[in-house]
Amino acid sequence: MVLRTHYSGDIIPEMDGTEVTLAGWAHEVRDLGGICFLVLRDREGLAQVTLVAKKVDRDLLEKVRHLSRESVLLVRGRVKQEAKAPRGYEIIPSQIEVLNVAASPLPMDPTGKVGADLDTRLDSRFIDLRRAPVLAVFRIEGEVLRSFREFFGENGFLEVCTPKVVATATEGGTALFPITYFEREAFLNQSPQLYKQMLMSAGLDRVFEIGPIFRAEEHDTRRHLNEAISIDVEVSFADEADVMALLEEAVAKAYRDVAERCEKDLVALGIDLTVPKTPFKRVTYTEALKIANDGRAVEIEWGDDLDTEAEKAVGSAIGEHYFMTEWPTAIKPYYTLPFEDRPEISRGFDLMHPSMELASGAQRVHDPDLLAEKIRRQGLDPDGFEFYLKAFRFGMPPHAGWGLGLGRVVLTMLGLENIRDAVLFPRDRRRLVP
RNA sequence: GUCCGGAUAGUGUAGAGGCCUAUCAUGAAGCCCUGUCGAGGCUUCGACCCGGGUUCGACUCCCGGUCCGGGCGCCA
């Protein structure tokens with residue numbers, strides 16, 4: 001039972017005379033007395049329904065005049081070519097069915113005439129999303145996901161799903177959300193890292209997963225959330241250079257696909273999208289440190305992580321996407337492989353947008369003894385990682401991979417101000433609903 | 001966690017101790033209007049975050065709380 005025959009966007013003036021049924025929301029009613037305009041909105045846009053008082057059924061006109069905004073409607077009528085109407089056509093209705101009445105007043109203005117704070121918008125996200133520029137963000141996000149899946153398909157990747165309820169911390173460091181799992185304690189997964197690596201031992205060769213990750217950090221910024229979508233990749237018989245090349249091509253393709261396929265949404269957002277050129281610049285940690293420390297009061301010492309100020313300084317110096325490579329081994333996780341001839345430096349990398357980190361990845365440790373030792377050195381108990389280490393003892397190929405934050409890709413691509421603008425229902429320190 | 005700023009009709013805002021019976025816009029209800037496209041005109045409705053204090057008098061100043069925004073921290 002599909003009620004509508006067309007979306008508003010499907011109708012063109014040349015369809016003059018065609019009977020159509022539109023379904024959507026009462027966006028606005030403009031009553032001029034002798035003529036009354038009802039603007040119907042659906043996912044694809046707006047359609048003007050015109051009622052001329054002298055020509056239309058009196059009850060129909062009264063019904064439209066007293067419609068509450070955002071009520072759900074079914075409009076049957078005829079397309080009429082009309083130069084005076086928006087987009088050159090209007091609908092002359094024969095029947096208007098109110099499927100559900102919207103209460104009044106609305107918790108926020110869906111037309112965008114009056115603004116709303118982010119907090120108000122998130123509390124009423126279902127109405128916020130009725131605004132074209134807000135919807136545009138998520139249509140683009142959908143296209144980004146489609147683009148990545150296409151890219152992975154073209155490159156021989158297998159899509160996998162790994163558990164989100166896990167027994168142990170993946171990597172230590174970050175705080176985890178504990179949950180009750182029958183009589184035991186379990187955690188929400190902070191990353192699919194361990195599982196995608198085990199799949200390399202299994203021989204799946206190239207896998208990707210797009211799924212949620214959870215971090216119980218009490219961070220409170222515009223670029224962090226406690227639940228995020230991670231695009232994760234792992235590739236066997238490959239090194240960090242190989243997976244960096246995959247990453248930059250995947251990101252560039254996402255930009256290209258959005259630029260080509262989301263024209264309407266980009267216009268709604270007022271964005272002229274520039275596709276980043278590949279290959280991205282490679283900047284070593286040591287070079288980045290030099291840039292960051294230039295003119296800085298308190299210099300960052302080699303071996304320390306870059307703080308926000310440093311990240312921004314390097315970002316504005318480079319001015320485009322870049323890879324930061326050759327990180328100190330000590331500040332990368334245990335599964336990151338050090339260079340054999342310079343063990344203090346690792347084969348880990350971060351993909352950076354000038355404003356923030358987007359992804360991190362590495363050539364992984366594949367030797368079980370070295371891995372166990374590095375787990376121990378990070379202050380973790382190798383016993384808790386037995387299920388993981390086991391996969392390394394019976395034929396683990398060399399492998400590399402990365403994890404990319406979907407929200408941050410969309411945030412930086414569209415120049416949004418807050419990661420919450422790039423997530424339908426964000427989860428942060430305080431927000432658990434809706 | 002910490003620093004800075006904020007909280008006024010459904011929404012977005014003005015307000016600097018008495019001018020506040022609180023501004024404007026939007027909205028809602030009603031009326032007028034035959035081409036609107038952020039329609040226009042008229043009438044009506046609707047609000048000072050919570051607790052304490054200062055003062056003759058507090059939306060306004062002070063203290064505490066809650067919540068919101070931003071910076072930093074935390075985040076492999």
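Quick caveat: nothing in here was measured; it's all calculated off a predicted structure. Proteins get letters first, then strands, A, B, ... in listed order; numbering begins at 1 in each.
- Comparing B:rU34, B:rU36, B:rC75 by their closest approach to the side chain of A:Ile35 singles out B:rU34.
- Relative to the side chain of A:Val114, the nucleotides B:rG12, B:rC74, B:rC33 differ in distance, and B:rG12 lies closest.
- Residues A:Lys290 and A:Glu287 are not paired through a salt bridge, judged by the lack of any N-O separation under 4.0 Å between the basic side chain and the carboxylate.
- Only the P atoms considered, B:rA29 is 16 Å distant from B:rG10, to the nearest whole Å.
- Side chain of A:Ala85, nearest nucleotide from B:rC75, B:rG73, B:rG35: B:rG35.
- Residues A:Ser230 and A:Ile213 approach most closely at CB-CG2, 3.7 Å, considering heavy atoms.
- Between the side chain of A:Glu309 and the base of B:rG71 there is no donor-acceptor pair of N/O atoms closer than 3.5 Å.
- Under the Watson-Crick or G-U wobble criterion, with both distances below 3.5 Å, B:rC61 is paired with B:rG53.
- Pairs of residues two or more places apart, or lying in two chains, that qualify as side chain to side chain donor-acceptor pair (under 3.5 Å) and include a residue from residues 115-126 of chain A are A:Asp119-A:Arg431, A:Arg121-A:Asp128, A:Arg121-A:Asp421, A:Asp123-A:Arg431, A:Arg125-A:Asp128.
- Distance CE (A:Met356) to P (B:rC72): 11 Å, rounded to an integer number of Å.
- Among the heavy atoms of the strands, none lies under 4.0 Å from A:Leu46.
- Here the separation of B:rG46 from B:rC24, taken at their C1' atoms, is 15 Å to the nearest Å.
- A:Glu417 comes within 4.0 angstrom of no nucleic acid atom, judged by non-hydrogen atoms across all strands.
- Mapping A:Asp428 and A:Thr50 onto RNA chain B by nearest heavy atom places A:Thr50 closer to the 5' end of the strand.
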Give each protein N/O atom lying under 3.5 Å from an N/O atom of nucleotides 64-68 of chain B, with the pair distance.
none

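- Residue contacts shown for A:Pro86 include a base, since a base heavy atom lies under 4.0 Å away.
- Salt bridge annotation for A:Arg206-A:Asp242: absent, with no cationic side-chain nitrogen under 4.0 angstrom from a carboxylate oxygen.
- Distance, A:Arg429 CZ to B:rG73 C1': 15 Å, rounded to whole Å.
- Using a 4.0 Å heavy-atom cutoff across all strands shown, A:Lys374 reaches no nucleic acid atom at all.
- Using Watson-Crick or G-U wobble geometry with both donor-acceptor distances under 3.5 Å, B:rU2 finds its partner in B:rG71.
- A donor-acceptor pair shorter than 3.5 Å cannot be found between the side chains of A:Glu248 and A:His321.
- Here B:rU34 is the nucleotide among B:rC72, B:rG35, B:rU34 with the atom lying nearest to any side-chain atom of A:Lys54.
- The residue among A:Pro107 and A:His224 whose nearest nucleotide of RNA chain B lies closer to the 5′ end is A:Pro107.
- For the atom pair CZ of A:Arg364 and CE of A:Met200, the computed distance is 10.0 Å after rounding to the nearest 0.5 Å.
- Looking at A:Glu82 and A:Lys80, a side-chain N of the basic residue comes within less than 4.0 Å of a carboxylate O on the acidic one, giving a salt bridge.
- Of the candidates B:rU34, B:rU11, B:rU2, the closest approach to any side-chain atom of A:Val52 belongs to B:rU34.
- Pairing partner, B:rC19: none, since no Watson-Crick or wobble contact has both distances short of 3.5 Å.
- Salt bridge annotation for A:Arg420-A:Asp428: present, with a cationic side-chain nitrogen under 4.0 angstrom from a carboxylate oxygen.
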Tabulated below should be each protein N or O lying under 3.5 Å from an N or O of nucleotides 27-31 of chain B; please produce it.
from, atom 1, to, atom 2, distance (Å)
B:rG27, OP1, A:Lys113, NZ, 3.4

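- Residue A:Thr221 has no polar side-chain atom (N or O) positioned under 4.0 Å from OP1 or OP2 of B:rG71.
- One atom, CH2 of A:Trp327, and another, C1' of B:rC75, lie 13 Å apart when rounded to the nearest Å.
- Taking atom P on both nucleotides, B:rG30 is separated from B:rG35 by 23 Å, rounded to a whole Å.
- A salt bridge links A:Arg130 with A:Glu70: the closest approach of a Lys/Arg side-chain nitrogen to an acidic carboxylate oxygen falls below 4.0 angstrom.
- Across the strands present, B:rA7 finds its partner in B:rU66; the criterion is a Watson-Crick or G-U wobble pair with both atom distances under 3.5 angstrom.
- Atom CD of A:Glu263 sits in a sparse spot, with 12 or fewer heavy atoms from other residues, nucleotides or ligands closer than 6.0 Å.
- Within the nucleic acid shown, A:Asn418 comes within 4.0 Å of sugar-phosphate atoms alone, with no base atom in reach, counting heavy atoms only.
- Under the Watson-Crick or G-U wobble criterion, with both distances below 3.5 Å, B:rG46 has no partner in any strand shown.
- Between the P atom of B:rC75 and the CZ atom of A:Arg215 lies a distance of 11 Å, rounded to the nearest Å.
- Nucleic acid contact class of A:Asp307 (heavy atoms, under 4.0 Å, all strands): sugar-phosphate only.
- Between A:Glu209 and A:Lys164 there is a salt bridge, since a side-chain N of the basic residue sits under 4.0 Å from a carboxylate O of the acidic one.
- You'll find that the side chain of A:Glu217 is closest to B:rC74, out of B:rC74, B:rG35, B:rG1.
- Screening A:Arg347, A:Arg282, A:Arg342 for a salt bridge (charged side-chain N to carboxylate O under 4.0 Å, His left out) with A:Glu326, the sole residue that qualifies is A:Arg342.
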